[in-house]
Amino acid sequence: MAASLVVVGDELLAGFTLDTNSHWLAERLRLLGFPLKRKTTVRDRPHEIVDALRRDLGDADLTDVFCCGGLGPTPDDRTFAAVATALDRELVIWEETRARIERRVRRMHEAGLLESPQLTEGNLRMARIPASPAHVFRNRRGMAPGVVYEVDGRRLFVLPGVPLELKGIFKEELEPEFLAGRAAATVRELRFNFAVEARFYPLLRELEESHPKVSVGSYPNFETKELVIRVLGDDAREVEEIAGTIRKRVAALGMTPV
């Protein structure tokens with residue numbers, strides 16, 4: 001049972017913008033019991049977005065697909081149109097979202113931030129979503145809505161790319177309503193100072209073969225001279241067993257975790 005992430009944006013692939021959304025979502029989803037199997041970053045090209053979504057929605061390992069970015073008011077924001085193509089649905093004006101955007105535009109005009117209280121075509125782009133959503137999330141920090149679709153037993157979540165808006169929708173609406181109740185994977189870390197990573201290879205290879213459902217990896221930090229051995233799995237008892245095995249075996253090599 002896993003999730004995937006499709007991130008949209010030319011600015012990410014060109015190196016102009018740091019993709020903090022992926023890091024944040026990956027951690028939150030792991031803690032909620034929805035670990036990522038795959039993350040894909042694509043350009044603002046409709047066919048590339050469609051291909052990535054169709055691939056993940058057709059993956060039997062995945063229960064949930066998260067897509068973020070490209071929901072704004074400008075012509076290069078093409079995610080909703082691509083989602084409509086991927087799901088074979090028409091784009092429709094979602095009246096509740098349109099009314100909410102209209103109220104926000106009016107308030108911004110009254111505050112002197114906009115010249116006109118009238119909705120523009122750019123505003124309407126954000127209210128035009130693929131038909132038949134399972135739920136439309138409010139966006140208390142922006143105009144583009146978050147949306148979820150049900151597709152052949154899977155869920156597709158579509159979220160704005162602005163980090164403040166994405167996190168707000170996720171924490172306040174999406175997480176409590178759609179992601180509650182699943183147990184997170186158990187994680188144990190053993191940290192060693194000035195340890196040679198290669199010395200752990202035989203043991204980690206052995207554990208990989210004997211416990212295929214548990215992830216055991218080594219992660220050196222060459223600046224701090226610290227080596228982290230991380231054990232991650234759904235079965236807490238098995239994770240603890242492996243961590244104990246590592247402690248015992250490396251002790252025989254004269255190494256002790258800090």
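Just the heavy atoms: all of them, side chains too, but no hydrogens, waters or symmetry mates, feed the values below.
When each of R138, R141, K167 is paired with E172, the salt bridge (charged side-chain N to carboxylate O under 4.0 Å, His left out) condition holds for R141 and for no other.
In this structure, a donor-acceptor pair under 3.5 Å is present between the side chains of E165 and N139.
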Worksheet item: Passes side-chain contact (heavy atoms from CB on, under 4.5 Å), K37 versus L62? Steps please.
Response: CA-CA 8 Å; K37 173 184 178 180; L62 302 177; 3.8 Å; yes

Practice prompt. Go through R140 and E173 one step at a time and tell me if the salt bridge (Lys or Arg N to Asp or Glu O under 4.0 Å) criterion holds.
Written response: CA-CA 11 Å; R140 295 179 174 86; E173 302 180 71; 3.7 Å; yes

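Residue pairs satisfying the ring pair (Phe, Tyr, Trp, His ring centres under 6.0 Å) criterion with at least one member in residues 78-109, sequence neighbours excluded, are absent.
Counting heavy atoms of neighbouring residues, nucleotides and ligands inside a 6.0 Å radius, atom CG of N221 exceeds 12 of them. The environment of CZ in R182 is crowded: more than 12 heavy-atom neighbours from other residues, nucleotides or ligands sit within 6.0 Å.
Looking at residues two or more places apart in sequence or on another chain, you find a ring pair (Phe, Tyr, Trp, His ring centres under 6.0 Å) between F157 and F66, F178. Residues that satisfy the salt bridge (charged side-chain N to carboxylate O under 4.0 Å, His left out) test with D77, not counting sequence neighbours, are absent from this structure. A search for side-chain contact (heavy atoms from CB on, under 4.5 Å) contacts involving T120 returns N123, not counting sequence neighbours. Not counting sequence neighbours, the partners of R30 by the side-chain contact (heavy atoms from CB on, under 4.5 Å) test are E27, V187, L232. E177 meets the salt bridge (charged side-chain N to carboxylate O under 4.0 Å, His left out) test with no other residue; sequence neighbours excluded.
Contact of the D19 side chain with the T17 side chain is not registered, since no non-hydrogen atoms from C-beta on lie closer than 4.5 Å.
With a 6.0 Å cutoff to the six-membered ring centre and a 45° limit on the axis angle, R230 counts as a cation-pi contact of Y219.
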